[in-house]
Asker: 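Take a look at the following structure, please.
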Amino acid sequence: MADQTLAKFVNERKILTMLRIRGGASRADIARNLSVTPATITRLINSLSDRGLVHDVKLSPFENTVSREPGRPGVSVALNAKGAYFLGVEIGIGILRFALIDLSAGIAASSELHVSKNISPINAAEAIGEHLAVLERDIRYGGKIYSIGVTVPGVVTSEGFVINLPILGWKAVDLLAILSKVITLPCYVENNANAAAFGSVYTQPALPSVCTIFLKLGKGCGGAAIINGRLLRGANGTAGEFGHIRISGEGAKCSCGQTGCLETWVNLSALARAYTGHDDLSESQYAALPGDIVAAAERGDKKAMAAVASFAHWMALGIVTLVNQFNPTTVMLGGTMRPVIQSCLAQIQEAVGAGIIPGVPPPQVRLSELGIFECAVGAATIAHHHAFDISRLDLADVELTP
């Protein structure tokens, strides 16, 4: 039999995962789900309750008579959302976005901090440490923040090493080591598209999630695949560079040095070229571009309508390639291109359905619901996942009954 401490650790996380995904449940339902005895469940629930992670919730009169087990008071066990928090941070161009999520993966707080466009790794880590200190002084969160997730828009290994982050001028940076010198809590570093993808699935457990493809569209085109609740990382943790699948023999030169990459047809620069004939725009102009083009298209502006149509065409081609390769249940689209995506989502869905292998059920093509904080929220969910979710552990040879 495995060590009882390990069994307790695993079963507690099974309970927390079950309650996060399904909502409150009776002790009898939890015992059946874990295949353990009622006495074991009582010990596990009492331990979690003592640490403020779960609490009893009174059932409604209908639930009290219909769903509760005989002989038990009319209560179910539920997560105490305020019992633990996780901080997520997006390091972007000239901005840090912070999102604090609670134990139920709901957003408790979010904010932005404008910083230098050329911020150094150490300065970024110090700014994160200062924000954490502010949160720790807040009576609502102090002593309850378990860990931190940080995202960057670059190539990151599974060990938190930034291989290349050209838009910030970072290369070969051990960001996890830098963060660990400033922050005492456990830290995790992730590519921003991976984080946004993970967060979009983790915060919406009711969505089909056997296989989800996520594309983050803005200055670039980041991507990620979530399969059975886990990020597809590849051999070195750098899988998911879907923006660099080649969909054409022509086009603008990509940041990777090639031509014809999906990214060069669906990013902000491509949108600018389709609408204005050039991509020499300021940061503020790029920020406003998607909304401006959609508004112009709604007024009947032919150039704007053509720009949206071009985006929809190339976006659908890229998604068709990914669907034929991965057979996902859901394709999630996010990033600063949100207004344009929303305006042509139906056209993209129709083109994908017509373009994939005949007979294969088309996936849902959806807009991410997390908005501009999707990367920060995603980073926080990764921290949550490491602390309390069971799916990341390999339990093949572990006996779980204490």
Side-chain angles (χ1 to χ4, degrees), residues 85-101 107-138 141 145 147-156 160-196 199 216-222 255 267-269 281-291 334-338 370-383:
Y85 294 92
F86 307 86
L87 178 62
V89 187
E90 176 191 3
I91 301 176
I93 305 172
I95 196 165
L96 299 180
R97 289 192 175 95
F98 301 95
L100 191 71
I101 66 169
I107 301 173
S110 60
S111 62
E112 295 180 333
L113 174 66
H114 292 278
V115 296
S116 167
K117 293 180 181 178
N118 300 311
I119 190 170
S120 69
I122 184 62
N123 287 342
E126 289 172 348
I128 294 169
E130 290 169 3
H131 185 80
L132 175 62
V134 171
L135 291 173
E136 288 285 7
R137 290 194 293 270
D138 190 314
Y141 315 127
I145 301 176
S147 51
I148 299 173
V150 178
T151 74
V152 294
V155 181
V156 183
F161 189 87
V162 179
I163 296 174
N164 193 23
L165 206 177
I167 61 174
L168 290 180
W170 298 4
K171 194 170 186 178
V173 173
D174 193 345
L175 184 57
L176 182 58
I178 293 171
L179 288 165
S180 298
K181 290 179 180 178
V182 177
I183 298 166
T184 58
L185 294 177
C187 296
Y188 307 94
V189 179
E190 188 56 82
N191 165 269
N192 62 351
N194 277 357
K216 184 177 185 297
L217 302 150
K219 278 295 189 69
C221 174
S255 60
N267 64 6
L268 283 168
S269 294
L281 276 63
S282 67
E283 290 295 331
S284 60
Q285 288 174 320
Y286 268 124
L289 184 65
T336 56
M337 208 72 97
R338 294 178 64 86
L370 297 179
I372 64 170
F373 286 94
E374 62 191 359
C375 295
V377 171
T381 63
I382 287 173

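Keep in mind that this is a model prediction, so the values were computed, not measured.
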Asker: Considering all heavy atoms of both residues, which atom of I178 and which atom of A125 are nearest to each other, and what is their separation?
Answerer: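 Minimum heavy-atom contact is CG2-CB, 3.8 Å.
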Asker: Give me the atom names and distance for the closest heavy-atom approach of A195 to A379.
Answerer: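 It is CB-N, 3.7 Å.
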Asker: Can you find a pair of side-chain heavy atoms, one from V115 and one from I95, that are under 4.5 Å apart?
Answerer: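 No, side chains not in contact.
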Asker: Taking N192 for the side chain and C375 for the main chain, is one N or O donor matched with an acceptor at less than 3.5 Å?
Answerer: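 No: the side chain of N192 does not pair with the backbone of C375.
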Asker: Mind listing the closest non-hydrogen atom pair of I91 and A124 along with its distance?
Answerer: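 Heavy atoms of I91 and A124 come nearest at CD1-CB, 4.0 Å.
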Asker: Compare every heavy atom of G154 with every heavy atom of N191, then report the nearest pair and how far apart it is.
Answerer: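 Looking at all heavy atoms of both residues, the shortest contact is ND2-O, 2.8 Å.
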Asker: Roughly how far, to the nearest 0.5 Å, is CG of L175 from OG of S180?
Answerer: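 So the gap between those two atoms works out to 9.0 Å.
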Asker: Taking W170 for its side chain and I163 for its backbone only, find out whether a donor-acceptor pair lies under 3.5 Å.
Answerer: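 Absent.
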Asker: Could you tell me if the side chain of L165 sits less than 4.5 Å from the side chain of P153, heavy atoms only?
Answerer: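 SC-SC contact between P153 and L165 confirmed.
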Asker: Under a 4.5 Å cut-off applied to non-hydrogen side-chain atoms, are I372 and T336 in contact?
Answerer: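 They are not in side-chain contact.
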Asker: Provide the closest heavy-atom pair for G160 versus V189 in the form atom of the first, atom of the second, distance.
Answerer: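 Heavy atoms only, the tightest pair is CA-CB, 3.7 Å.
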Asker: N267 vs L217, test: side chain to side chain contact (heavy atoms under 4.5 Å, CB included). Steps then yes/no.
Answerer: CA-CA 6 Å; N267 64 6; L217 302 150; over 6 Å; no
Asker: Begin with the C-alpha distance, continue with both residues' side-chain angles, and end with the deciding distance and a verdict on side chain to side chain contact (heavy atoms under 4.5 Å, CB included) for L179 and I128.
Answerer: CA-CA 9 Å; L179 288 165; I128 294 169; 4.0 Å; yes
Asker: Evaluate the side-chain proximity of N118 to L168: yes if any heavy-atom separation is below 4.5 Å, no if none is.
Answerer: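 Contact flag for L168/N118 side chains = no.
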Asker: As an exercise, state the distance from OG of S255 to CG of N164, rounded to the nearest 0.5 Å.
Answerer: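 Rounded to the nearest 0.5 Å, the OG-CG separation comes out at 9.0 Å.
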Asker: Could you give all pairs that pass the salt bridge (charged side-chain N to carboxylate O under 4.0 Å, His left out) test and reach residues 86-98, with sequence neighbours left out?
Answerer: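 Every pair satisfying salt bridge (charged side-chain N to carboxylate O under 4.0 Å, His left out) with a residue in residues 86-98: E90-R97, R97-E112.
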Asker: Please name all residues satisfying side chain to side chain donor-acceptor pair (under 3.5 Å) with S120, sequence neighbours left out, ordered by chain then number.
Answerer: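 Once residues adjacent in sequence are excluded, the partners of S120 under the side chain to side chain donor-acceptor pair (under 3.5 Å) criterion are N123.
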Asker: State the CG-OG distance between L289 and S284, to the nearest 0.5 angstrom.
Answerer: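 Atom-to-atom, L289:CG and S284:OG are 11.0 Å apart.
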Asker: Assess whether side chain to side chain contact (heavy atoms under 4.5 Å, CB included) is satisfied between Y141 and E136, documenting all intermediate values.
Answerer: CA-CA 6 Å; Y141 315 127; E136 288 285 7; over 6 Å; no
Asker: Let me see the working for K216 and M337 under side chain to side chain contact (heavy atoms under 4.5 Å, CB included), right down to the final yes or no.
Answerer: CA-CA 8 Å; K216 184 177 185 297; M337 208 72 97; over 6 Å; no
Asker: So, for L281 and Y286, which heavy atoms are closest and what is the spacing to 0.1 Å?
Answerer: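 Shortest heavy-atom separation between L281 and Y286 comes out as O-CE1, 3.6 Å.
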Asker: Is the ring pair H131/F98 parallel, tilted or perpendicular, if the boundaries are 30 and 60 degrees?
Answerer: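 Rings of H131 and F98: parallel, under 30°.
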Asker: Rounded to the nearest 0.5 Å, what's the gap from OG1 on T151 to CD on E190? Could you check?
Answerer: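 Spacing of OG1 (T151) from CD (E190) equals 8.5 Å.
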Asker: Please report the interatomic distance CG(L100) to CD1(I145), rounded to the nearest 0.5 Å.
Answerer: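 Answer rounded to 0.5 Å: 5.5 Å.
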Asker: Would you list the pairs meeting salt bridge (charged side-chain N to carboxylate O under 4.0 Å, His left out) in which at least one residue belongs to residues 117-133, sequence neighbours left out?
Answerer: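 Qualifying pairs: none.
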Asker: Enter the distance from L96:CG to S111:OG here, rounded to the nearest 0.5 Å.
Answerer: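 Taking CG in L96 and OG in S111, the distance rounds to 9.5 Å.
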